[in-house]
Every structure is written in C-alpha cells, then in structure tokens.
Engineer: 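Sharing a structure with you now.
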There are 2 protein chains.
Amino acid sequence: MPDTSSCQFEQRPRRLVMGTAGLQADFCKMCNVRPSSVCSAIENEDIGRLAEAAVETIVTPGRCFIEEGEPATDFFNVTSGTVKLFKALPDGRRQITGFAGPGHFLGLAVSDRYAFGAEAVDTVRLCRFSRERMRVLLDDFPRMERRLLEEASNELVAAQNQMLLLGRKTARERVASFLLDQANHGELNSEGQLHLPMTRGDIADYLGLTIETVSRTLSWMRAQGMIDVGKGYAITILAQERLESLAEGED
Amino acid sequence: MPDTSSCQFEQRPRRLVMGTAGLQADFCKMCNVRPSSVCSAIENEDIGRLAEAAVETIVTPGRCFIEEGEPATDFFNVTSGTVKLFKALPDGRRQITGFAGPGHFLGLAVSDRYAFGAEAVDTVRLCRFSRERMRVLLDDFPRMERRLLEEASNELVAAQNQMLLLGRKTARERVASFLLDQANHGELNSEGQLHLPMTRGDIADYLGLTIETVSRTLSWMRAQGMIDVGKGYAITILAQERLESLAEGED
DNA sequence: CGAATTTTTGATTTATCTCAACAACCGTGG
DNA sequence: CCACGGTTGTTGAGATAAATCAAAAATTCG
C-alpha cells in the first residue's frame, strides 16, 4: 500500500521531535487560553496536576504534527497560532475539515488512531498530553469530561454548518460564509482588517473549491465593493450585511 | 421574517403531541438498543432512575420532531426506525447531515436551541428525556457523560468523513461511499439485500447532489454490474470491492 | 383500477474546474 | 538597496461534471 500521507505531500519531515518535560504549575495558572479551553475545568488548587501532564510544543509553519491513520498517542491544546485539520484521498485530493485556533482541543478520536491529520498554518504553540495522562486526568476531574463534551458539541455544530456549506452553497455563498466566520472568530487588527493566516489553497481545500475559484470570487467581491483585499493576507469587510445575506443564499 | 422551517416544507403539523408518563424499570432493562446506546452507562441496579426520566414516543413517517432554531427542550434516543437530521437555507435548499438509527442519541447541542431539524424517515420509536432530567442523570451518573463523549466523538469522525465526501468526491464516489456506509451500518435482509428506508430525494440531500444525479448514478452502477436495484428501496451489492475502490477515488 | 407520487431517462445549460499564462510577492544574497 | 528565483495569487479561455428543464415510466395507495 502506497504511503498517502498529506504530510509527505508537504515535503516535510514525517515525525516531529518534541520535549518530554512537564510544566510548572504557574505555567498553566498564567495561561491566557485556559479560560476558554478545557483546562478551565481544573481549579487553581489542582492546576499542578494539569501542568505536570502537559508538555509545551512549538510547531513551525507547514509542519505536520498529527498524521491521519497513525496511532493516537497524544492530545493537544492549541495555545497560539492556527492549525488546519484535514482528511485526504489516496490521489491527493484534500478536504480541510476545520481550522483550530487558541483554546481548541485536538485529538477527540474514539479509535486508537487519528481520524484526521493536523498541520501548523503559522507558528503554533501547543500543550501536549499523552493518552494515558489524559485518561488519568479525566478520571480524577470529571468536570473536564463535561467540558470536553461541550467542546465536542460545539465542533459538531460547526461540522453541520460546514456540511450545509459544502453540500448546498454556491462558491460565492461559501466564500462569504468563510469570511464572516473568520471575522467572528475574532482576529480583527487595529483598523478593522481581518488577517487570514492561511493561503488561498487552504481556503479552497476548506470550502471544497479550487484556488482559482476562491481567487475569482474574492476579486468579484472586491469589484462589488463588499470587501477590500489588502497586501498579504489582510481583508477588510466593507459591507457586512450584504455578505451576511449572500452567505445565507438570500440573493 | 418568513418562516423557513423544513417541517412546513413537508406540509406536516408543526408540533408533535407526546406522552408525559415515565417508563417502568423493566422497559429499559429489556431494551434491545441499550447495549449500544448511552443508556448502557447506567447499571441494572440504577436503571429505574433512567426509566422514570424517559418517555416513549412514536413518530410517524415524514413527521418532524426537532425543528431547527426552536428551544432545545428535549433529548432523544432512537430505539427503532431511521431519523434524518438536516439543516436548511432560507430558499429551501437542504442538507441532510446524517441518518440516525437505533441506539443513536439526538440533541447534542450546546446552545439552548436546536442547531438542526430531525424528521422520521420511517416509523420511529424514541425515548425522550427533558433537558432538566437529563442534567440530573448526568450529574448522578458521570459514566453517562463519558459515554456521551464517545458518542459525540463518533459523530465527529462521521462528520469529517462526510465533509471529505461533500467537498472533494465525485457523484459516483459519493453514491458508492453511501451504499457501503449503509451496508456496514447493518440492515442486510435475508438475501444480502440492503433495504434503504429513505427516498432518492433524501439520498440526494445527504450527498449534496440532485435526485436525477443519484438516479443516473445508481443506473450506471447497475449497468456496470456493481449493484442490483430491486423493487422498492432494495439494493444488492454485487461487487463490494469495486465499490470500495470507487468510494476512495482509486478509479 | 386510476390518480398521485416517485423514479428514470433524455436534452440542454451552467457553475465550476482545468489548463495556461502572467503578475505579485517573499526571502535571500550580492 | 536591488536583482533573482521560487512560490503564491490573479486572470483568461475552454472543457466538463453535474444541474436544470422536460417528459416518460414505474410505483404506491386509496
């Protein structure tokens, strides 16, 4: 059977060397994503337990750190940067199933193998937990399990929205939905600009389109005065309401 | 704002009258889907607690019992029949996000409103739990929460596969994947026939295609000798391996 | 049986993809 | 600072898979 990993695709090393030392309690206590992550399920008094199970890991852009089909040895919590999650077909076609930003938990797979791959979009900082230590934490802190269920439920809702997008929306509706999602998930800079960390290729693989169609659609939106496409990956939303009705197919 | 519910679409009554009496402990003890459902998290000795929280509900074919956007007052466990879960756009385009059979749990939504609609495909039997009683059960039986997380993780894996299908597979690959999924999820009758409970329209809305494309693709598969399309909704898989390689795009 | 619904099949259109060329941008090193 | 090669993005022309429009055939159900 040929190796079909998308990581190879990127022509990067397959395995990632990561540190093994646990963290100090203060590291978690100070963590700026804890409030919005599963880690919030553990109180300050017990935070040492969490910290000693975690290993901080930095992943450089383009590096693949979860490979579809490999044994699911670790769970991850994103503390900064953006991760793309994807599935691929043997011939290389690829679907990005989601982008995970700070606070997102990765590795929710029942089976003992990852059902998807994960790759750093920009520089990504992660807290890594081994399967065994995670299991112990969940046994000792049931609140964490509840928090994880919330996280999973949120992801399911997002997945259902994405299925509607992929199955039934036009290219324009897809791009409009994407821009609004990105704008809602927060990262607007000083002057209303949305900084997209991912390439056109990533956007295309996320929306089930080709690079060319994404590019053409953004150009069309610019021509319509809905957005302004700046240098690099900066986009300004000029007509949010028009984009919103477009995203819901009301045009 | 116009009412855009998919239930109205089906021209069926909007609200469903359901019984309110709890069940006897034996009902749950005897239940044939308990082993494969979240209810397996509760032991025989405590099964009375589960039974008294449940209300048995029967839904006739085509009836909508969860409406997207309505307050999420209840959770459901399917005991027999098939349910379609869907999301819709204002203009009526519809995406079926999944089919739920016996043992499936419905209602995993974080928000206090349903993020999707649910409609009976054939005659469906459900156990209904109110949000409040479910909350109490989860507080008293943490194993149930863990079981629910497993369920959610399984659904996430299925959702990721469906995103790959909708975003990147051709019509033939989609139909092949669908037939194999249906065959794996069990219901083969006495002579290897797969009985699909859903219409061509449902299949189309699930696969992000039109009715005509689904029909044409099934005809093509029949002409290729891959399947036999019997009366009603019966299909026999004649060349499973060809379908499998087709489903993964290896053709 | 006969009306209504669903499915199949055919002809044509179209949104998006593919192929191709060019332009903009990025980092590197002279 | 600018020249350079490589990568990424844009735009154009043409091809195509699937959608749409239309009608016939099969099935369901009263």
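Lettering of chains follows the sequences in order, A, B, ..., and the numbering in each one begins at 1.
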Engineer: What is the ring orientation for Phe75(A) with Phe105(A), classed by angle as parallel under 30°, tilted 30 to 60°, or perpendicular over 60°?
Structural biologist: parallel
Engineer: Might you list the N or O atoms of the protein lying below 3.5 Å from N or O atoms in nucleotides 25-30 of chain D, with each pair's distance?
Structural biologist:
none

Engineer: Which one of Thr97(A), Thr199(A), Asp202(A) satisfies the side chain to side chain donor-acceptor pair (under 3.5 Å) criterion with Lys84(A)?
Structural biologist: Asp202(A)
Engineer: Atom CD1 of Ile235(A) and atom CG of Leu196(A): how far apart are they, to the nearest 0.5 Å?
Structural biologist: 4.5 Å
Engineer: Can you tell me how far apart CD1 (Ile96(A)) and CZ (Phe116(A)) are? Round to the nearest 0.5 Å.
Structural biologist: 13.5 Å
Engineer: Pick from Thr73(B), Asp74(B), Asn77(B): which one makes a side chain to side chain donor-acceptor pair (under 3.5 Å) with Arg128(B)?
Structural biologist: Asp74(B)
Engineer: Which nucleotide wins on minimum distance to the side chain of Arg222(A), given the candidates dT11(D), dA22(D), dG9(D)?
Structural biologist: dT11(D)
Engineer: Distance check needed: dT11(D) C1' versus Glu212(A) CD, whole Å only.
Structural biologist: 10 Å
Engineer: Could you tell me the separation between the CD1 atom of Ile203(A) and the C1' atom of dT8(D), rounded to a whole number of Å?
Structural biologist: 12 Å
Engineer: Check the phosphate of dA18(D) against Thr213(B), side-chain N and O only, distance under 4.0 Å to OP1 or OP2. Yes or no?
Structural biologist: no
Engineer: Rounded to the Å, how far apart are Arg200(B) CZ and dT9(C) P?
Structural biologist: 10 Å
Engineer: For Ile227(B) and dT8(C), what is the distance between atoms CD1 and C1' respectively, to the nearest whole Å?
Structural biologist: 13 Å
Engineer: Can you work out whether Val229(A) or Arg168(A) has the more 5'-proximal nearest nucleotide on DNA chain D?
Structural biologist: Val229(A)
Engineer: Measuring from the side chain of Arg216(A) (C-beta onward, heavy atoms only), which nucleotide among dT11(D), dG9(D), dT8(C) has the closest atom?
Structural biologist: dT11(D)
Engineer: For residues Leu89(A) and Glu250(B), determine if any side-chain heavy atom of one lies less than 4.5 Å from a side-chain heavy atom of the other.
Structural biologist: no
Engineer: Return the nearest nucleotide to the side chain of Thr210(B); candidates are dA18(D), dT11(D), dT20(D).
Structural biologist: dT20(D)
Engineer: Stepwise, does the side-chain contact (heavy atoms from CB on, under 4.5 Å) test hold for Arg93(B) with Asp91(B)?
Structural biologist: CA-CA 6 Å; Arg93(B) 278 176 286 171; Asp91(B) 64 4; 3.0 Å; yes
Engineer: Hey, what do you get for CZ (Arg242(A)) to CE (Met221(A)), rounding to the nearest 0.5 Å?
Structural biologist: 9.5 Å
Engineer: When we call it a touch if two heavy atoms are under 4.0 Å apart, what does Leu209(B) touch: a base, just sugar-phosphate, or nothing?
Structural biologist: sugar-phosphate
Engineer: When we call it a touch if two heavy atoms are under 4.0 Å apart, what does Ser219(A) touch: a base, just sugar-phosphate, or nothing?
Structural biologist: sugar-phosphate
Engineer: To the nearest 0.5 Å, what is the distance between OG on Ser177(B) and CD on Glu244(B)?
Structural biologist: 10.5 Å
Engineer: From CE of Met198(A) over to P of dT8(D), roughly how many Å is that when rounded to an integer?
Structural biologist: 15 Å
Engineer: Using nucleotides 21-24 of chain C, report all nitrogen or oxygen pairs with the protein that are shorter than 3.5 Å.
Structural biologist:
none

Engineer: Should Asp181(A) and Asn161(A) be marked as a side-chain contact (heavy atoms from CB on, under 4.5 Å) after you check the CA-CA gap, both sets of side-chain angles, and the distance that decides it?
Structural biologist: CA-CA 11 Å; Asp181(A) 275 358; Asn161(A) 283 324; over 6 Å; no
Engineer: If I take atom CH2 in residue Trp220(B) and atom P in nucleotide dT8(C), what distance separates them, rounded to the nearest angstrom?
Structural biologist: 16 Å
Engineer: Roughly, in whole Å, what's the span from CD1 in Ile211(B) to P in dT20(D)?
Structural biologist: 11 Å
Engineer: Using atom NZ of Lys169(A) as one end and atom C1' of dT16(C) as the other, report the distance to the nearest whole Å.
Structural biologist: 18 Å
